[in-house]
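Values below: all heavy atoms of this structure, side chains included; hydrogens, waters and symmetry mates excluded. A note on names: the letters A, B, ... follow the listed sequences, proteins ahead of strands, and every chain is numbered from 1.
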2 protein chains.
Amino acid sequence: MSVQERKQRERAERERLIVATARELAEQQGWDAVTTRRLAERIEYSQPVLYSHFRGKREIIGAVALEGAAELAGAVRAAASAADGPRERVAALARAYLDFAARNPAVYDALFQLDGGLAYAREDTPEPLKDAFAALLEVLGGVAGDGVHPGLFTETFWGALHGLATLTRAGRLPPEDAERRTALLVDRLAVV
Amino acid sequence: MSVQERKQRERAERERLIVATARELAEQQGWDAVTTRRLAERIEYSQPVLYSHFRGKREIIGAVALEGAAELAGAVRAAASAADGPRERVAALARAYLDFAARNPAVYDALFQLDGGLAYAREDTPEPLKDAFAALLEVLGGVAGDGVHPGLFTETFWGALHGLATLTRAGRLPPEDAERRTALLVDRLAVV
DNA sequence: TCGATTGTCTAGCGGTGCTAGGATCCGGGT
DNA sequence: ACCCGGATCCTAGCACCGCTAGACAATCGA
């Protein structure tokens with residue numbers, strides 16, 4: 001039995017290698033450069049091996065997205081818990097979110113821009129995605145204001161952050177005013 | 001001389017046909033389906049003809065984007081001018097913007113999601129893009145609030161709208177609450 | 001030790017954006 | 001009226017893409 005277990009371990013290890021390599025390559029040269037041929041070469045296996053782990057490239061993107069969701073949730077929670085007061089917690093959350101998007105553009109794309117074959121905002125949504133939204137809700141739900149549904153407020157705030165993140169990174173917004181825009185958003189949206 | 005003029009006209013007409021066909025195909029089947037081969041077949045010319053008008057696929061996307069920018073600016077101005085009072089004008093703008101994104105997803109993608117090779121937020125930004133931003137600024141600049149730069153406020157509001165538009169259309173946000181999220185955004189961000 | 005199963009690779013399919021080079025057509029000068 | 005030269009367009013092909021069939025080798029259980 002231990003032989004099978006070793007093989008299983010090695011197989012799981014190789015799967016992690018695939019995801020990590022895809023992520024690394026995407027961060028270095030963009031997702032367009034993540035082709036199955038290049039990816040296979042980097043992990044020193046042939047192309048078909050990828051398809052014994054994932055249905056296709058889309059699922060690899062999805063795996064990177066799930067990894068990123070967990071990290072994003074962690075970053076948001078860490079930033080929020082290190083801040084004092086509701087207003088400051090929301091500001092810290094916004095900064096952490098935008099910082100994550102700026103520092104991990106490829107992962108952010110996998111999460112919210114590309115098609116990773118994941119279900120969002122549904123019952124069968126993967127746990128890491130639900131948890132990332134929950135991390136936002138924990139902080140933002142407290143500043144929704146009277147009569148405003150916490151979930152709805154979180155969705156709106158998140159949408160606003162997402163818009164700033166993508167437009168800034170795509171060069172649609174001048175990057176030098178990013179912090180002032182964030183501050184404006186926090187001041188106006190959050191009810192403290 | 002008139003022969004040359006006729007040829008120029010026909011050439012310009014064919015260029016419009018290419019852009020219109022690309023847009024139509026993209027709205028029908030998504031940008032992935034807009035391949036140079038399919039596009040060439042639809043306009044009943046061979047592939048290389050496309051390259052005598054545009055440097056490549058990217059420039060075709062850019063042309064669709066510019067067309068869309070003009071329409072978006074028009075839609076926003078029309079909606080705003082038909083509304084009474086600053087608060088209602090902002091709400092009408094937001095509805096018009098999101099409506100445009102929902103009704104013309106491919107064009108919206110060409111504008112803000114895909115790479116059309118256009119320069120944004122710079123001096124050499126094409127006029128239609130500047131004008132679309134100007135259309136937002138005309139309305140939103142008036143509700144920025146004291147001490148807040150109108151341009152910065154417009155950028156922030158636009159970013160928020162963009163986030164809601166993309167997340168909703170990508171299935172990241174439940175569509176049924178779209179209007180409530182928009183209303184929340186308008187109420188909190190606009191100072192009337 | 002043998003047979004079966006599992007694992008991996010080579011080779012190839014149909015598709016992509018893009019381009020080189022040859023054919024064809026047509027206006028303008030003699 | 002004719003023929004030349006340039007503009008115009010198409011056929012064919014390049015390198016690459018995601019993905020897969022089928023051959024081959026290595027390994028396990030009997």
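Remark: P of D:dA7 and NE2 of B:His53 are 16 Å apart, rounded to the nearest angstrom. At whole-Å resolution of the value, CG in A:Asp32 and P in D:dG18 are 10 Å apart. Atom CZ in A:Arg11 sits roughly 16 Å away from atom C1' in D:dT27 (whole-Å rounding). When the P atom of C:dC25 is taken as reference, atom CD of B:Glu10 falls 16 Å away, rounded to whole Å. As rounded to whole Å, 15 Å separates atom C1' of D:dT8 from atom CD of B:Gln8. Per the geometry, OH belonging to B:Tyr51 stands 18 Å off C1' belonging to D:dT8, to the nearest Å. Residue A:Trp31 contributes atom CH2, which lies 12 Å from atom P of D:dG18 at whole-angstrom precision. In this structure, B:Asp115 atom CG and C:dG17 atom P are separated by 15 Å, rounded to whole Å.
Contact annotation: B:Arg14 side-chain N/O to D:dC9 OP1/OP2 distance is under 4.0 Å.
With C:dA11, C:dG17, C:dC9 as the candidates, the nucleotide lying closest to the side chain of A:Gln47 is C:dA11. With distances taken from any side-chain atom of B:Thr35 to the nucleotides D:dC19, C:dG17, C:dT8, the minimum falls on C:dG17. Side chain of A:Thr36, nearest nucleotide from D:dG18, C:dG17, D:dC9: D:dG18. Among the nucleotides C:dT8, D:dC17, C:dG17, the one closest to any side-chain atom of A:Arg37 is D:dC17. Distance from the side chain of A:Val49 is smallest for C:dC9 among the nucleotides D:dC9, C:dC9, C:dA20.
Under a 3.5 Å cut-off, the side chain of B:Thr168 and the backbone N or O of B:Pro175 do not form any donor-acceptor pair. With hydrogens and angles ignored, the 3.5 Å screen pairs a side-chain donor or acceptor of A:Arg188 with a backbone N or O of B:Leu189. Checked by atom type and distance alone, the side chain of A:Glu27 pairs as donor or acceptor with a backbone atom of A:Ala106 at under 3.5 Å.
The only option from A:Tyr97, A:Tyr108, A:Phe100 that meets the ring pair (Phe, Tyr, Trp, His ring centres under 6.0 Å) definition with A:His162 turns out to be A:Tyr108.
B:Arg38 comes within contact range of the sugar-phosphate backbone alone, with a heavy-atom separation under 4.0 Å but no base atom that close. Using a 4.0 Å heavy-atom distance criterion, B:Ser46 is classed as a base contact.
The CG atom of B:Leu140 lies 8.5 Å from the CZ atom of B:Phe133; values are rounded to the nearest 0.5 Å.
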